[in-house]
Amino acid sequence: MSEMCVDNPLVLMKDIVKVFPDGTIALRGVNFELCKGEIHGLLGENGAGKTTLMKILAGLLKPTRGEVIVKGRKVKFRSPADALRFGIGIVMQGLSLVPVFTAYENIVLGSRGTKPSREFVEKLMKEVGLIVPLDAVVENLSFGVRQKVEILKMLALNVDILILDEPTTNLSPSEIRELFKSLKKLREEGKSIVFITHKIREVLEVTDRVTVLRKGRVMGSVETSKTNPRELAKMMVGRDVELLIEKPPWRPNGVALIVDELEVMGDLGVPAVKGVSFSVNYGEIFGVAGVEGNGQIELAEALAGIRKPLRGRIVMNGDDITKLDVSERYNRGLAYIPEDRKVALIMEFSVLENTPLTEISYNKELVNRMGFMKIKRIVEKSMGIIKQYGVVTPSIYAPARSLSGGNQQKLVVGRELMKDPRVIIAVQPTRGLDVAATEYVRNLLVKMRSSGKAVILISSDLDEILGLSDRFAVMYNGRFMGILEPDKVTDEELGLMMGGYTYEEIKARKV
Amino acid sequence: MVNSRFTEYLVYIGNVALAILIGLALGALIIWLGGYDPVKAYTGLFETSFNPSDYYYFATTLSYATPVIFTGLTFAISSRAGIFNIGAEGQMYMGALGAVIVASMNLPSPLILPMALITGTLMGALWGLIAGLFRALRNVNEVVATIMLNWIAFWIIEYARNYGLGDPRRQEKTISMPVEGRLPLLVKNTELSMAFVIALIVAILVYIFMWRTKIGYYIRVLGAGVKTAKYAGIDPRIITLYVFIIGGALSGLGGALEICGRPPTYAITTAASNIAGFGFTGISVSLLGLNHPILIIPASVIIGGLLAGSRGMQIKAKVPLEMVMAVQGLIIIALSVPGFTFVYRRWRIKKALRGGGSA
């Protein structure tokens, strides 16, 4: 793969391995090269290692092994400042601008030596065709313009190797078009750009070459003009192993939940869920797959009542619950296992004190008429959870933080299931767990489903979704790309949906 | 593992002892630099606060511990909810004002005391509620709001003393609580009244409230973070209001008790001089007591001793009042450091746990 560039490659990364302190292997020997004056797509799903690889190039991380050669020189960056000296700059996903500063102030903020003058920045803007209102305060600017300010900031630092991490998240279609125009202009100016994304369409639209990563390995590096969405999708997604989970036959038994044209606002003031409709039956696991950050969390929070929807309806068990608050939804049989255990548990509280967290608001049996907690009742409940779900803890009085991750999750799952819910929402329920705990939690979810409960499983672990779900949807950019059954879908179709193509488009052979 | 919390507290007590020594040493340095005798000064301090041979002084210490138990509880409850209510000062002023208003009303004698305490409590609660509403509804920073409300309360009581509620015969104070409205003294010829007992009972009640009732549980859940609170089905705004109302009520009651239970004036004096500062000292008391209602009691006695002993320092070593105040402030700051680091460390651990796992 080395004769790709006409001249010597601008950046050459050889056999890069990255092992994180917690033992996670993010990169398993990755080769990557960037030519001068190209836009290079770096495609992959969560955990593929795209961002890790580029953080190494930008000096934010050090590789465990491997060699980085920039402009013909072997380098070992110790900080982003080192990388900047070689003209390498990264624009991270979470925008890093100072919201109360003006665009100009932000652009010149990181510069060393003399502050670039206004004239210099204005000239720069004209040269590269990125025009932003320099005197506007950043928090009043749209995300598209902020993205441009970030790029200008890098250019003002003399960056000629620009790394953009998922730059189109939160941008509107017209803003994306503008951004792409700017990137092409920058390429004409001789800049080289790495474009990190999971969106196949965007890769095809804007890049010259694309490298696909999957689980820390390079699956291929091809010229964009010589590839097609299906090939890229196939490289991006692959089933590792068929999950072996004993699952009794699927017996849907009446509609548990109907979601109709749901729209939900994200934290940044841009809609995160953009009109999603589906229904879930009792006795069924409904999976929601997709690369993280495509609106899954917002969807789960809207279902639980934590986030108010902008539009749409949620019907549970025949009743419209759209306007009900969280505790009333819990009261009617909804249980929610959030993604973050630090939200689901209070680490400073004991196991006992964590027990009534999601139940005390509605269960009158836990509180007497004077508002006192019935400690005896809660102790019994706590003991019950520990026993039934095999939570390993010295006692119910031990703080939750002293439990292992697996036992913390068992405590959360056990607590929620002990409420005997009808509808269970589980978000990334096995993330960070060891094999045994993972299997335990998965089996529990299957057991719940087989005992007639409705389970909504939101996960970016494709194997988990395919192994557990009876039906599932792929979520992309706030929408469902299709609702399917796991054994009736190919990897290629999955990859295409995760990369932004609807199932109808794929079936109609429009891709 | 089981004993980790116990050893943690042992280490903490060691830290407190160390802080006392450091505080005293720094104070001694200042006294010495000012040209006075630190040994004499500290002898005076201890003789007039924890003197074993004369109970009068210890009674005085406890009388100073009383108001700062209340203001300490105000701060502790808000801290537990992750809120920084430093408005105990103003809430206490309003409570005292409430008692003075009742004192001015010529009520039938059995009604005076209960009415004074109730009015004081309610006015303190109202003062807390204002900051609470700002925070809950408009997300106004509670530190800014409570500091401004402290000053507003200060000028309201100054206004009241000058116009309407002033003592017609003695300009430097408001109307005094009539004898029927005063709390009995615990020890004759001292400043220690039943108010101290009420403070102890209230501290225990707050403990029970925080650890045994649903609302108390909610308050502590809110302290773990808004996300967790929402997940638990709690409306953070409503709990925030509870925190400010209850906190304000406690400081208000503390203020009313200063009027009903503290000789010699049983009134508010010029520039609130007899109640000013208790609100802020309460923050130190709460930090020293690890924001725990029961631990606040011993913490209040230590700090009460400092407040009481300042007079002794003045008299025995002729250290001027200003320097006494400076030394006292220094020791209080030194004392609240271990509590602060302890609370801060726990907060850091919590935060680290929350932020962990990102790659």
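Chain letters run A, B, ... following the sequence lines, proteins first and then strands; every chain starts at 1.
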Quick one: does [X]'s side chain get under 4.5 Å of [Y]'s, heavy atoms only?
| X | Y | value |
| --- | --- | --- |
| A:Phe372 | B:Lys214 | no |
| B:Trp211 | A:Glu353 | yes |
| A:Leu357 | B:Thr228 | yes |
| A:Met373 | B:Thr213 | no |

Under 4.5 Å heavy-atom distance to chain A, tell me which part of B:Phe209 shows up: side chain, backbone, both or neither.
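Neither; nothing under 4.5 Å.
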Inter-residue atom distance B:Arg212.CZ - A:Met370.CE, 0.5 Å rounding
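These two atoms lie 15.0 Å from each other.
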How long is the straight-line distance from CZ of B:Arg220 back to CD of A:Glu348, given to the nearest 0.5 Å?
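Going from CD on A:Glu348 over to CZ on B:Arg220, the span is 11.5 Å.
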Distance-minimising heavy-atom pair for [X] and [Y]:
| X | Y | result |
| --- | --- | --- |
| A:Ser361 | B:Ala232 | OG-O, 3.8 Å |
| A:Val326 | B:Tyr231 | CG1-O, 4.1 Å |
| B:Gly233 | A:Ser327 | O-CB, 4.0 Å |

Using heavy-atom distances under 4.5 Å, tell me whether A:Tyr336 contacts chain B through its side chain, its backbone, both, or neither.
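Both the backbone and the side chain of A:Tyr336 come within 4.5 Å of chain B.
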Heavy-atom cut-off 4.5 Å, strictly under: side chain, backbone, both or neither for A:Ala344 against chain B?
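Both parts, heavy atoms under 4.5 Å.
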